[in-house]
Structures are given as structure tokens and as C-alpha cells.
Amino acid sequence: NKQVILRDYITGFPKETDMDLTTETIKLKVPDGSKAILVKNLYLSCDPYMRSCMTKLEGKNYVPPFTPGSPITGVGVAKVVNSDHPNFEEGELVWGMTRWEEYTLITMVDRLFKIKDTDVPLSYHTGLLGMPGLTAYVGFYELCSPKRGENVFISAASGAVGQLVGQFAKITGCYVVGSAGSKEKVDLLKNKFGFDAAFNYKEEHDLDAALKRYFPEGIDIYFENVGGKMLDAVLLNMRVHGRISVCGMISQYNLEKPEGVHNLFCLITKQVRMEGFLVGNYFHLLPKYYDFVMPLIKEGKITYVEDTVEGLDNAPGALIGLFTGRNVGKQVVVVAYE
Ligand code: NDP
């Protein structure tokens, strides 16, 4: 059983060498009476939150940290190969918490969802139909109550979450602008996801001026994925009664000391509501999200771009690539196709 393990807790930017590949011998059979299931992992999801699991924050981790020397945990799509649990049968497909290895013995089956729709790509359950999809839906609709005609700005807009927020905002009738870190990503935003405009934040030395160019009348909704300098520039450009959905701050995750935010006073003068959320507390909305998104997928009104690497050997590189912007779209690792 090939596995990806974390060597030890880290500081700063993660490196491929922080992870190791190991192999162990296992029985492809669940112990009798264990109520566990054994799954074959098919697709594994690379998610920015996993960086926080690589550091032990003395009681401050919002998701449990990884255990050095043990396989990395994460969300994946898997097939049941053996079951001692009455609710799971051999051959069933599931998505949810698993580990970065070929086969995983899962004892906490309450964290798994059965996959019923097999006429959409299975890997979508790591993105569009998984945690990032629900994140986009909750962060945009539940937190921001968008209205037709409003001005929406999204950072890290071509990623797993951002590309969906942009498309949801267009479907809602908003004016939508996204920022991303390369020309390829900017083209994708405009030509594939239907954003009204997009810009490469790495080429803008004055983010405030860039935002004024795209939003001469200001921003009603900001979907925050990056934090830092971008957030400061956005605060200056919010409209009265604007909403900021604080989904992530990826520019800060590898810093020893987070950057300061200077323009929070704008929250008062513009009477802006800024709200953070954890998607883990919204899984009860998954059926509502599927009712919303499934018809859109089937009618071809939502498109989804994935960046796929093959094999566990390439998984560490794929994970750290999230922090350099190497991924174009949702980063997925294929362990096996069936
Ligand atoms: P992405 O697919 O967007 O991948 C990460 C992207 O972030 C990179 O491709 C890169 O794109 C961008 N990025 C990396 N470093 C920086 C930086 N220093 N400054 C600006 N951009 C950077 O990831 P997700 O869509 O999965 O996640 C997006 C955000 O949502 C993250 O902050 C994540 O933590 C958060 N999140 C929060 C959840 C919640 O419950 N609150 C749940 C899921 C995700 P580029 O080339 O454009 O720079």
C-alpha cells in the first residue's frame, strides 16, 4: 500500500521534501466486527487548508493536524472494496475524508457521502460537487445575499472555489471581475467562465488603481480567497452596504507573521459586513446545493476546470503547487481510475 506521509511539522512554505513516499503491506479485508470499510482511493483533492495541518498550532488548528510519519489525511473519491458496515457494500462509490494512500481502512464512516450520480465525472466530487463547490455556494449565496446587477469581485478566481463563485455570480445577473496570477488564468476567466473582466494581480503595482479601473462605482460583494494587500485595496473600493465573504487568505498561510490590514476603518464608513465561515459547518446544505447545481451542470450552464496529476508520486508536488499558483483550476491527484 503506497502512502504519502508528512515527515515532520513545518514552518514557512511547504516543500516536496516535507513529504515522503512509503509502502506498507496490508490485508485487503476489514477485521470482522470492526464496522469499518476498506476503500480503494481513486481521486485525491489538494486543498489549501491542508497547509495548516502541516503545522501544530498548540490547540489553535481548526482542522486536526496531520500526524508525522502517518499518511496525510484529505478529501477523496473512493470505491468500497470490503465492508463490515451494514450501510456500505462492496463496489459502492463514496467521497469524503480518506488518506493519501492506495487503500484506506475507514472507521469514521459518518464523514462519507455516497455517490449516486455517476453521469458526471467522478473527480467532480473533489471540487464542483464536493467541498469547494459547497464553499462557493455557501460563501456567495448564504453570506452575501447577491442581487441582480451588483458588482462582484473574486480573488484567486480561477481556482477550485473561485471559478464557481464567478459562474454563480454571472447566473445571478451580477457584473463579475476576477483576479488571478497568470495570463493563462486571466484568459480562462474571461473566455471559459464568462467573467466580464479579469486581471493579473502580479502585473498590477497599484491594486487600488486596478480595482478603480474595473469598478468605477465600487464593489458590492468581495469573495475573499487571498487576504493581505488585495484585501486592503478592496476595502478602499467597497460600496456602502457591501458584503465581504471571507473564505480564505492563502497569501498569509506560509508567513511566520501575517501581514497587517490597514483599511478596516472602511467597514464603518461604508457600513460593510465582513463575515468569515468554515464550510465544515454547512454540510447540512449539501442537498440544497445539489438541487441548485445539478440542473445547471446537466444543462451545460456550469463548466469546471480541473488540473490533474497522475499517481501518488506526484501528489506532494501538486499540493505545494497551490501556494505558487502552479495549478490551473481544481488540483486533483488520480490514484486509480477504477
Ligand atoms: P485554488 O484552487 O484557488 O488554489 C490556490 C490558488 O491560490 C493558487 O492557484 C494561486 O492562484 C492562489 N495563490 C497562491 N498563493 C497566493 C498568494 N500569495 N497571493 C494570491 N494568490 C495566491 O484553491 P481553492 O479554490 O481550493 O481555495 C481558495 C481559497 O478558499 C483558499 O484561501 C482556501 O483556503 C479557501 N477555502 C476556504 C474554505 C472555508 O471553509 N472557509 C473551504 C475551501 C477553501 P493564482 O495563480 O491566481 O495566484
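Note that the structure is a prediction, hence the values are computed from the model and not measured. Atoms within a ligand are numbered from 1 in the order they appear, just like the ligands themselves. In what follows, residues are counted from 1 in the order of the sequence shown.
Not a single heavy atom of S182 sits under 4.0 Å from any atom of ligand 1. In this structure, K202 falls outside the shell of residues with a heavy atom less than 4.0 angstrom from ligand 1. Heavy-atom separations between K330 and ligand 1 are all 4.0 Å or longer.
Side-chain contact of S45 with K330: a donor-acceptor pair under 3.5 Å is present, judged by distance alone. Between S155 and N225, the side chains place no donor N or O within less than 3.5 Å of an acceptor N or O (distance only, hydrogens not considered). In summary, the side chains of E89 and S83 do not present any donor paired with an acceptor at a separation below 3.5 Å, with no hydrogens or angles considered.
Relative orientation of the Y141 and F168 rings is tilted, given thresholds of 30° and 60° on the angle between their planes.
Between V161 and ligand 1, an N or O atom pair is found at a separation short of 3.5 Å. Taking only nitrogen or oxygen atoms, main chain and side chain alike, N327 reaches within less than 3.5 Å of ligand 1. Not a single N or O atom of V246, backbone or side chain, sits closer than 3.5 Å to an N or O atom of ligand 1. The shortest N/O to N/O separation between L278 and ligand 1 does not fall below 3.5 Å. For ligand 1, the polar-atom distance check finds an N/O of F277 within less than 3.5 Å of one of the ligand's N/O atoms. An N or O contact shorter than 3.5 Å is missing between S158 and ligand 1 by distance.
At a heavy-atom cutoff of 4.0 Å, ligand 1 is contacted by the side chain of M131 but not by its backbone. In V226, the part holding a heavy atom less than 4.0 Å from any atom of ligand 1 is the side chain. Residue-level proximity to ligand 1 for F323 is carried by the backbone, the only part with a heavy atom below 4.0 angstrom. Both the backbone and the side chain of L322 come within 4.0 Å of ligand 1, counting heavy atoms alone. When heavy-atom distances to ligand 1 are checked against a 4.0 Å cut-off, P48 comes that close only through its side chain, counted from C-beta outward.
Shown in contact with V279 at under 4.0 Å from a heavy atom are these atoms of ligand 1, numbered in order with element: 39 (C), 40 (O), 42 (C). Here is the list of ligand 1 atoms found below 4.0 Å of a heavy atom in A180: 47 (O). Proximity to G248 (heavy-atom distance under 4.0 Å) selects the following atoms of ligand 1: 32 (O), 35 (C). Set against the non-hydrogen atoms of Y201, the atoms of ligand 1 under 4.0 Å away are 19 (N), 20 (C), 21 (N), 22 (C), 45 (P), 47 (O), 48 (O). Ligand-side atoms of ligand 1 in range of S251: 17 (C), 18 (N), 19 (N), range being under 4.0 angstrom from any heavy atom. The atoms of ligand 1 that sit less than 4.0 Å from any heavy atom of M249 are 32 (O).
Evaluated for a ring pair (Phe, Tyr, Trp, His ring centres under 6.0 Å) with W95, the options Y124, Y43, F113 yield exactly one hit, F113.
Looking at R239 and D220, a side-chain N of the basic residue comes within less than 4.0 Å of a carboxylate O on the acidic one, giving a salt bridge. Under a 4.0 Å N-O distance rule, the pair R7/D20 qualifies as a salt bridge. Between E259 and K229 a salt bridge is recorded (basic side-chain N to carboxylate O distance below 4.0 Å).
Counting only distance, with no hydrogens or angles, the side chain of Y304 and the backbone of A160 share a donor-acceptor pair below 3.5 Å. Side chain of D84 to main chain of G33: a donor-acceptor pair is present (N/O by atom type, distance under 3.5 Å, no hydrogens or angles). Within the 3.5 Å criterion, the main-chain N or O of D187 finds no donor-acceptor partner in the side chain of E184.
Distance from atom 32 (O) of ligand 1 to its nearest protein heavy atom, with residue and atom name: N225 O, 2.9 Å. Counting protein heavy atoms only, atom 3 (O) of ligand 1 is closest to G159 CA, 3.2 Å. For atom 42 (C) of ligand 1, the closest heavy atom belonging to the protein is T135 OG1, 3.3 Å. G181 N, 2.8 Å is the protein heavy atom nearest to atom 47 (O) of ligand 1.
In this structure, K114 forms a cation-pi arrangement with F88, its terminal cationic atom sitting closer than 6.0 Å to the ring centre and no more than 45° off the ring axis.
Rounding to the nearest 0.5 Å places CG of N263 at 4.0 Å from CG of D232.
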Would N41 and T104 count as a side chain to side chain donor-acceptor pair (under 3.5 Å) here? Give the steps. CA-CA 7 Å; N41 292 309; T104 302; 2.9 Å; yes
